[in-house]
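Presented below is the structure to which this report refers.
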There are 2 protein chains.
Amino acid sequence: MTQPPPDSALRDRRILLVEDDPTVAEVARNYLRSAGFLVDEVTDGFQTIDSVTAVRPDLVVLDRKLPGIDGTEVCRRLRTFTDVPVLMLTALSATEDRIDGLESGADDYLTKPFSPRELVLRVRSILKRTVDESTPEAPFALGPFRLDASARKVSRGGDPLELSAREFDLLAFFLKHPNQVFDRETLLRSVWGWEVGDLSTITVTVRRLREKIEGDPSHATFLTTVWGAGYRFDVEEADAESAAEGVR
Amino acid sequence: MTQPPPDSALRDRRILLVEDDPTVAEVARNYLRSAGFLVDEVTDGFQTIDSVTAVRPDLVVLDRKLPGIDGTEVCRRLRTFTDVPVLMLTALSATEDRIDGLESGADDYLTKPFSPRELVLRVRSILKRTVDESTPEAPFALGPFRLDASARKVSRGGDPLELSAREFDLLAFFLKHPNQVFDRETLLRSVWGWEVGDLSTITVTVRRLREKIEGDPSHATFLTTVWGAGYRFDVEEADAESAAEGVR
DNA sequence: CCGCTTTGTCCGCGTTTCGTAAGGATTCGA
DNA sequence: TCGAATCCTTACGAAACGCGGACAAAGCGG
């Protein structure tokens, strides 16, 4: 857990830093550069739009409070013509603010004062996501289930399952981590990507998922409830072994 | 009842405590230990680097003011070869200081004098973020028992045991620390995560646990009472040995 | 622009859990 | 053997927990 091989796949990625406070900008720039990223800098919203069009960065780090147009508005406008990931910086940690940020189309969110280390970690994690999506994962089977992550298809016993996006993500997560209990908070972070949120969201999605993958949803045999701890995807040990091959 | 839930997934994580003031170190060590962490200690920067390399702790608690090289510098150097989370301790609460600390790569920050309880909370929260999808704990056997902590499953002689959350946590604790006496207060802190509380809580939970794991609960052979001292989980040395293999 | 689906939130209900208290049993020392 | 300290046992009830149903907002495709 402690030793992250400097991800060569992530090196030399181009990052556009939008920040009007010179001090903050300097710190962020230095850290991102020493993490191996190429950093461009602008200080207001209009330059941002221009720069994104011209330079096509791999990610935008966007201050929420900007001279001229607001960060959320910038983000919204970016979204009209590009899918470039946006990491939003904000002074406030209020939930409302966070919601606003994500609503405007940001991919992640960081509250000031932030640790530059955290910034780098987040940037890496976002980029990794987008990289991972482009590198196809090999399909694998576990128990009666077969997951083709890159095609976003799952089947049970040969019959394809019709899952919604969230249901698919959740099932995929469990298939990749069988026989392990996850509490709702962890699921919220790992599958939803939220740092905080209503835990009943998980309860409900689990229920909906069960209705589609379990014979009798009220007596789950795969996605079981572990009282007071969370949920676990149960699979025979033998199956789990053979499945683990596929994961690696 | 009043305290945070004991987090079995975080238990037994290795923490390196870097602090030159023996008084502070002692308090911190005791609290971290009774929260279920394994604590190593060093008192200066060079030892820190060495120890991190050698022991690979899961987290470093680092005093900012150290003899020899300064804490921020130590942190910076750590960052050149590892991403181990760092929690920085400092005497000053000045914002500038905080910024410095975070810039050097610390994950969080705690100003002295701090409450040991706060320390434990911070440590937990940092680990929780980083642990998440990390490697699940390997299952192991001890005597007739088999514990799979990440699946939250235990069995005795092959038969799965149906335990409640608390019962599981308690048994897991004893399985990880066999042939060792624990008084009720320690159990309350380590398993329940409480600083204060009614000790009869343990008595009752032990009794409930015994009913499920002992052939004859009133003549316990595994979870035995040590009069005037606490409880101990008895297992043949030979079994304990073989069990230790599994742990490694 | 309008339906349909997805998805998050809320509420009420039944179940399980777990702390607490109180009385009985056991151990230990004198 | 007696008394005090310690531990066991039992029972109760509040609180926690998970579940299903329903609803509304947002997203999506036509």
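Every chain is numbered from 1 and lettered A, B, ... according to where its sequence line falls, protein lines coming before strand lines.
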Legend entry - For atom CG of Asp183(B) and atom C1' of dT6(D), their distance in whole Å: 14 Å
Legend entry - Val204(A) side chain, from C-beta outward: closest of dG21(D), dT6(D), dC18(C): dG21(D)
Legend entry - Side chain proximity check, Phe37(B) to Arg124(B), heavy atoms < 4.5 angstrom: yes
Inset, instruction - May I have the distance from Arg208(B) (atom CZ) to dT10(D) (atom P), rounded to whole angstrom? - result: 12 Å
Inset, instruction - Would you indicate which nucleotide in dC19(D), dC10(C), dG8(C) comes nearest to any side-chain atom of Trp192(A)? - result: dG8(C)
Inset, instruction - Find the distance Glu185(B):CD to dC7(D):P and express it as a whole number of Å. - result: 12 Å
Legend entry - Interatomic distance, Asp169(A) CG vs dG8(C) P [rounded to whole Å]: 10 Å
Legend entry - Check: Thr186(B)/Asp183(B) side-chain N/O donor and acceptor closer than 3.5 Å: yes
Inset, instruction - Would you please confirm or rule out a distance under 4.0 Å between OP1 or OP2 of dC8(D) and any side-chain N or O of Tyr231(B)? - result: yes
Inset, instruction - Check every strand shown and say whether Thr203(B) touches a base, only sugar-phosphate, or nothing at a heavy-atom separation below 4.0 Å. - result: base
Inset, instruction - Give one of base, sugar-phosphate or nothing for Val206(B), where a contact means two heavy atoms less than 4.0 Å apart. - result: nothing
Legend entry - Glu167(A)-Thr205(A) side chain donor-acceptor pair, cut-off 3.5 Å: no
Inset, instruction - Test for a donor-acceptor pair under 3.5 Å between the base of dG19(C) and the side chain of Arg166(B), counting only N and O atoms. - result: no
Inset, instruction - Please state whether the base of dG20(D) and the side chain of Arg210(A) form at least one donor-acceptor pair under 3.5 Å? - result: no
Inset, instruction - Have a look at Phe168(A) and say if it touches a base, only the backbone sugar-phosphate, or nothing, with a 4.0 Å heavy-atom cut-off. - result: nothing
Legend entry - Nearest-neighbour nucleotide for the Ser164(B) side chain, dG8(C), dT17(C), dC12(D) considered: dT17(C)
Inset, instruction - Ignoring the backbone of Asp198(B), work out which of dC8(D), dA21(C), dG8(C) is nearest its side chain. - result: dA21(C)
Inset, instruction - Would you indicate what Arg207(B) reaches in the nucleic acid, counting non-hydrogen atoms under 4.0 angstrom: base, sugar-phosphate, or nothing? - result: base
Inset, instruction - Please determine if Asp40(A) and Arg14(A) form a salt bridge, counting it only when a charged side-chain N lies under 4.0 Å from a carboxylate O. - result: yes
Legend entry - Candidates dT16(C), dG19(C), dC28(C) - which lies nearest the side chain of Trp227(A): dT16(C)
Inset, instruction - Measure from NE2 on His219(B) to C1' on dC7(D) and round the result to the nearest Å. - result: 14 Å
Legend entry - N/O (side chain, Arg184(A)) to phosphate O (OP1/OP2, dG18(D)) under 4.0 Å: yes
Inset, instruction - Specify the separation, in whole Å, of atom CG of Leu199(B) and atom C1' of dC8(D). - result: 15 Å
Legend entry - Check: Val61(A) and Glu19(A) side chains under 4.5 Å, non-hydrogen atoms: no
Inset, instruction - Taking only the side-chain heavy atoms of Thr201(B) (C-beta and beyond), determine which of dC7(D), dG20(D), dG19(C) contains the nearest atom. - result: dG19(C)
Inset, instruction - Determine: side-chain N/O of Ser200(B) to OP1/OP2 of dA21(C), distance under 4.0 Å, yes or no. - result: no
Inset, instruction - Scan side-chain atoms only and decide if Thr225(B) and Arg210(B) contain a donor-acceptor pair under the 3.5 Å cut-off. - result: yes
